[in-house]
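Naming convention: chains lettered A, B, ... in sequence-line order (proteins, then strands); numbering from 1 in each chain. None of these values were measured; they are calculated from a predicted model.
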Amino acid sequence: MKMSSHPLDVDFYRRNPHTLARDLLGRDLVRRTDEGIRRGRIVETEVYGGPHDPASHGDSGEPTDRTDSMFGPPGTAYVYTIYGMYQCFNVVAPAEQKAAAILVRAVEPMDGLEMMARDRGLVDRDDIGELKDSTIGNLTTGPGKLCQAFDIGTSLDGATLDGPPLWLEPGEPAVDNTEESIGASSRIGLNRETVGEAVDWPWRYTLEDSEFLSRPG
DNA sequence: GTGCTGATAGTCT
DNA sequence: GACTATCAGCACG
């Protein structure tokens, strides 16, 4: 278990969304429940929002019941339900116009893997032994998966990410780290018919060599 | 390894 | 009434 550190300060989030999305790579997402601590290193993010992004939930400029927290202050959580059965976790970023948020698409599991496997439904509740590599590689490699693994539901929508139950820590940032290269690629799950040329915008950022991406860069 | 399909319910038009 | 920033399971080779 890694020793606890201090949560990232709100000033960390008060930057251009693309700068923030890149600097989130390598940071630790930490979740505390009654059962203990879960930790994961962020390896994949996507930017949504800005002056005109047809793929952003905030593109109309007007919040709805669902998207209200996307219009909240930087450093808070935007959690929404997708496909009726999964949640996606976003970090709210500053918005010069409209709203902006960073979708966290994948993390590398670090602490609390047994709890993650159980909440993912990959092991029986009372039969948790040594986890297989194939199980570990399927814990948090997608936005819906990591929300299951971290027990992130819509009850955390709008939460401030400065301490329990959910927060970020400095971790080992990837920006300016010569050992790890950051890739930029097009965002996952969009289609040209609804968002036009935005399907091609390289607004997905990855730690290219990570084994825990939702799909290869 | 790749690719297709069904599940499933909140949200918006 | 249609759509979706997804996933698991299955078929295939």
A:T67 side-chain proximity, nearest of B:dC12, C:dT6, C:dA5: B:dC12

Test item: A:L139 and A:F212 side chains (from C-beta on) under 4.5 Å apart, heavy atoms: no

Touch class at under 4.0 angstrom, heavy-atom based, for A:T194 against every strand present: sugar-phosphate

Lys/Arg N to Asp/Glu carboxylate O, A:R118 vs A:E35, below 4.0 Å: yes

Rounded distance (Å) that lies between atom P of C:dT6 and atom CD1 of A:I188: 8 Å

A:Y80 OH to B:dT11 P, straight-line distance once rounded to whole Å: 13 Å

A:D133 atom CG: more than 12 heavy-atom contacts under 6.0 Å: no

Nearest heavy-atom neighbours spanning A:T76 and A:S69: OG1-O, 4.4 Å

Interatomic distance, A:D119 CG vs C:dC7 P [rounded to whole Å]: 16 Å

Spacing of A:Y48 atom OH relative to C:dT4 atom C1', expressed in whole Å: 11 Å

Options C:dC7, C:dA8, B:dA7, nucleotide nearest the side-chain atoms of A:R120: C:dA8

d(CZ, A:F89; C1', C:dC7) in whole Å: 20 Å

Within 6.0 angstrom of A:R187 CZ, more than 12 heavy atoms from elsewhere: yes

Between C:dC3 (C1') and A:Y86 (OH): distance, integer Å: 17 Å

A:V92 vs A:P73 side-chain heavy atoms within contact, under 4.5 Å: no

Short side-chain to backbone donor-acceptor contact, A:T45 and A:A21, under 3.5 Å: yes

Donor-acceptor pair (no angle test) under 3.5 Å: A:Y83 side chain, B:dA7 base: no

Sugar-phosphate, base or nothing in reach of A:L103, heavy atoms under 4.0 Å: base

Watson-Crick or G-U pairs under 3.5 Å in DNA chain B, rendered as dot-bracket with [ ] for crossing pairs and | for another strand: |||||||.||||.

is_close_aromatic(A:H57, A:Y80), centroid dist under 6.0 Å: yes

Selected nucleotide, minimal atom distance to A:M85 side chain, candidates B:dC12, B:dT8, C:dT4: B:dT8

Nucleotide C:dA5, atom P - distance to CD of A:E44 in whole Å: 15 Å

Given DNA chain C, 5'-ward residue of the pair A:L122 and A:Y78, judged by closest heavy atom: A:Y78

side-chain N/O A:T64 vs B:dC12 OP1/OP2, d < 4.0 Å: yes

Candidates C:dC7, C:dA5, B:dT11 - which lies nearest the side chain of A:R66: B:dT11

Sugar-phosphate only, base, or nothing, as touched by A:D65 at under 4.0 Å among non-hydrogen atoms: nothing

Per A:N191 side chain, nearest of listed nucleotides C:dT4, B:dT11, C:dA5: C:dT4

Nearest-Å distance for atom pair CG/P, residues A:D59 and B:dT13: 12 Å

